[in-house]
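See structure below.
What you see is a predicted model; the values in this text were computed from it and never measured.
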Amino acid sequence: MVVAALPAVAGVLFEAAGLRKQLIAHRGASAYAPEHTLEAYRLALEQRADFVEPDLAVTRDGVLICLHDDTLERTTNVAQVFPDRAASLPAGSARGDGPHWIANDFTLAEVKRLDAGQWFDAKFRGARVATWDEAVQLVRGKAGLYPELKSPPLYTSRGVDMVRIFVASVKAHGLDRPESLRTTPVIIQSFDENAVRRVATQLPSVPRVFLTSDERDMTDARLRELARFATGVAPEKRLIAARPEIVSRAHALGLTVTAWTFRGDEKTSSAALREEMSRFLYTFGIDALFTNNPDLFPR
């Protein structure tokens, strides 16, 4: 079943996925396995995710890898393997001060030397950072892909055109072709407006979602502007909780609405998390959500 107000192209993808409400596995099933490893993506598929979300970064040799942060130290043992390769991030970076190992300073071969699992749990020792190509190969035909273009301005400042690399890869894989989209839906997301505008032009068959945590993006005028180049919006869930009418206003403009992020922790029971997701999906009326806990999605 497809929501009538959704744009036709997004509606086709939702219909292909087979559900009106969409479950996006945030960094894979990252409550149970180390984020952005093939182990987390496989588990997301086992837990019936409609989409798997790979955040994307670019290596020094121009390869797209699946990584949430601009840097490697939080989720790998890069500080032990390459202790002398720390660098400074640009002023104002969200990662703050301190030593950082920027992913773009490392080749794919070097990134593949890193352990991306032990930080999460010793049983995942030896897990590796996944590449975008590996994610496509694993997920294709089983679920959709919901890639996020992370920090395009960082790469631009280093002379790297992240969007160009990504668009070329999507086309090389044929992910933008109608016959592929029917079996492997793709939705592109970014906080970077310029990146979303570019993929709207260069990959017009693929839906694209503008991510935001800024309430100023939820005014009527701003939503109308976003609807000119995006097929959906993804506000942080607190914005929707504060102003649930955002959903109906966005739908009236033909925009899908996706909320982020729903995650369990030691203070949140499984029942409470499931109830929260249910409220956003069925009371507030959002179309999809990101969760680290795909197994708790209220179908």
Side-chain angles (χ1 to χ4, degrees), residues 24-28 30 34-42 44 51-76 78 89 95 100-114 116 127-177 180-181 184-192 194-203 205-209 211 290:
I24 306 156
H26 183 243
R27 312 181 198 175
S30 55
E35 63 185 64
H36 294 316
T37 60
L38 294 181
E39 288 81 353
Y41 295 165
R42 288 191 189 98
F51 289 85
V52 173
E53 181 214 26
D55 295 309
L56 298 181
V58 184
T59 64
R60 193 174 74 192
D61 46 348
V63 178
L64 291 165
I65 58 172
C66 303
L67 189 72
H68 176 269
D69 301 353
D70 299 328
T71 64
L72 291 158
E73 66 272 5
R74 182 177 64 86
T75 56
T76 77
V78 67
L89 284 168
R95 294 297 295 164
H100 296 294
W101 284 257
I102 301 171
N104 188 238
D105 287 340
F106 295 82
T107 65
L108 177 61
E110 290 172 331
V111 171
K112 283 296 189 180
R113 289 177 56 188
L114 306 177
R128 300 301 180 204
V129 174
T131 67
W132 163 245
D133 287 344
E134 289 170 339
V136 171
Q137 182 178 13
L138 174 65
V139 175
R140 192 167 203 166
K142 304 180 186 75
L145 289 157
Y146 213 116
E148 180 181 346
L149 299 176
K150 302 288 291 189
S151 306
L154 170 66
Y155 294 99
T156 300
S157 72
R158 290 169 153 246
V160 177
D161 190 339
M162 180 189 218
V163 174
R164 181 189 62 78
I165 294 169
F166 174 72
V167 168
S169 175
V170 168
K171 291 183 175 179
H173 283 292
L175 291 169
D176 60 328
R177 297 173 186 165
S180 178
L181 290 169
T184 307
V186 178
I187 300 177
I188 301 164
Q189 57 173 334
S190 186
F191 284 94
D192 185 72
N194 183 59
V196 180
R197 287 181 178 273
R198 286 182 65 188
V199 296
T201 300
Q202 297 175 35
L203 295 170
S205 64
V206 182
R208 52 267 165 203
V209 166
L211 290 156
F290 293 90

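- The nearest pair of heavy atoms linking Val129 to Lys112 is O-NZ, 2.7 Å.
- In terms of heavy atoms, Gly144 sits closest to Val139 at O-CG1, 3.6 Å.
- The minimum heavy-atom distance between Cys66 and Pro54, with the atom names listed, is SG-CB, 3.7 Å.
- Tyr41 places no side-chain N or O within 3.5 Å of a backbone atom of Leu138 that could act as its donor or acceptor partner.
- The closest side-chain heavy-atom distance from Thr156 to Asp161 is not below 4.5 Å.
- For the residue pair Asp61/Thr59, the side-chain donor-acceptor check at 3.5 Å is satisfied.
- Partner of Val136 under the side-chain contact (heavy atoms from CB on, under 4.5 Å) criterion, chosen from Leu145, Val186, Thr131, Thr184: Leu145.
- One finds the CD1 atom of Ile65 at 13.0 Å from the NZ atom of Lys150 (value rounded to the nearest 0.5 Å).
- Between Glu35 and Thr75, some side-chain heavy-atom pair lies under the 4.5 Å cut-off.
- Between Val206 and Val199, the closest side-chain pair of non-hydrogen atoms is not below 4.5 Å.
- Side-chain contact check for His26 versus Ile24: every heavy-atom pair is 4.5 Å or farther apart.
- Between the side chain of Arg128 and the backbone N or O of Thr37 there is no donor-acceptor pair closer than 3.5 Å.
- The closest donor-acceptor contact from the side chain of Gln189 to the backbone of Tyr146 lies under 3.5 Å.
- Side-chain contact check for Thr107 versus Arg60: some heavy-atom pair is nearer than 4.5 Å.
- Nearest heavy atom pair, residue Gln137 against residue Lys142, reads O-NZ, 4.3 Å.
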Verdict with supporting geometry, Asp55 and Leu67, side chain to side chain contact (heavy atoms under 4.5 Å, CB included):
CA-CA 5 Å; Asp55 295 309; Leu67 189 72; 6.0 Å; no
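- Summarising the geometry, atom CG belonging to Leu149 is positioned 13.0 Å from atom CZ belonging to Arg208; distances are rounded to the nearest 0.5 Å.
- You'll find the side chain of Val78 reaches within 4.5 Å of the side chain of Phe106, heavy atoms only.
- Across all their heavy atoms, Pro34 and Ala40 have their closest contact at O-CB, 3.3 Å.
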Check against salt bridge (Lys or Arg N to Asp or Glu O under 4.0 Å), Arg158 and Asp105
CA-CA 10 Å; Arg158 290 169 153 246; Asp105 287 340; 2.8 Å; yes
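- Side-chain atoms of Phe191 and Glu148, non-hydrogen and from C-beta on, do get closer than 4.5 Å to each other.
- Between Leu154 and Ser157, the closest heavy-atom pair is O-OG, 2.5 Å.
- Residue Ser151 holds its OG atom at 11.0 Å from CG of Leu56, rounded to the nearest 0.5 Å.
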Name every donor-acceptor pair, under 3.5 Å, that has one atom in a side chain of residues 163-176 and the other anywhere in the protein, sequence neighbours excluded.
from, atom 1, to, atom 2, distance (Å)
Ser169, OG, Trp132, NE1, 2.9
His173, NE2, Asp133, OD1, 2.8

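- Under the side-chain hydrogen bond (donor to acceptor under 3.5 Å, both in side chains) criterion, Thr76 pairs with no residue at all, not counting sequence neighbours.
- With contacts defined as side-chain heavy-atom distances shorter than 4.5 Å, the pair Pro152/Asn194 does not qualify.
- Judged by distance alone, the side chain of Thr71 and the main-chain N or O of Trp101 form no donor-acceptor pair under 3.5 Å.
- In this structure, OG on Ser30 lies 10.0 Å from NE2 on His68, to the nearest 0.5 angstrom.
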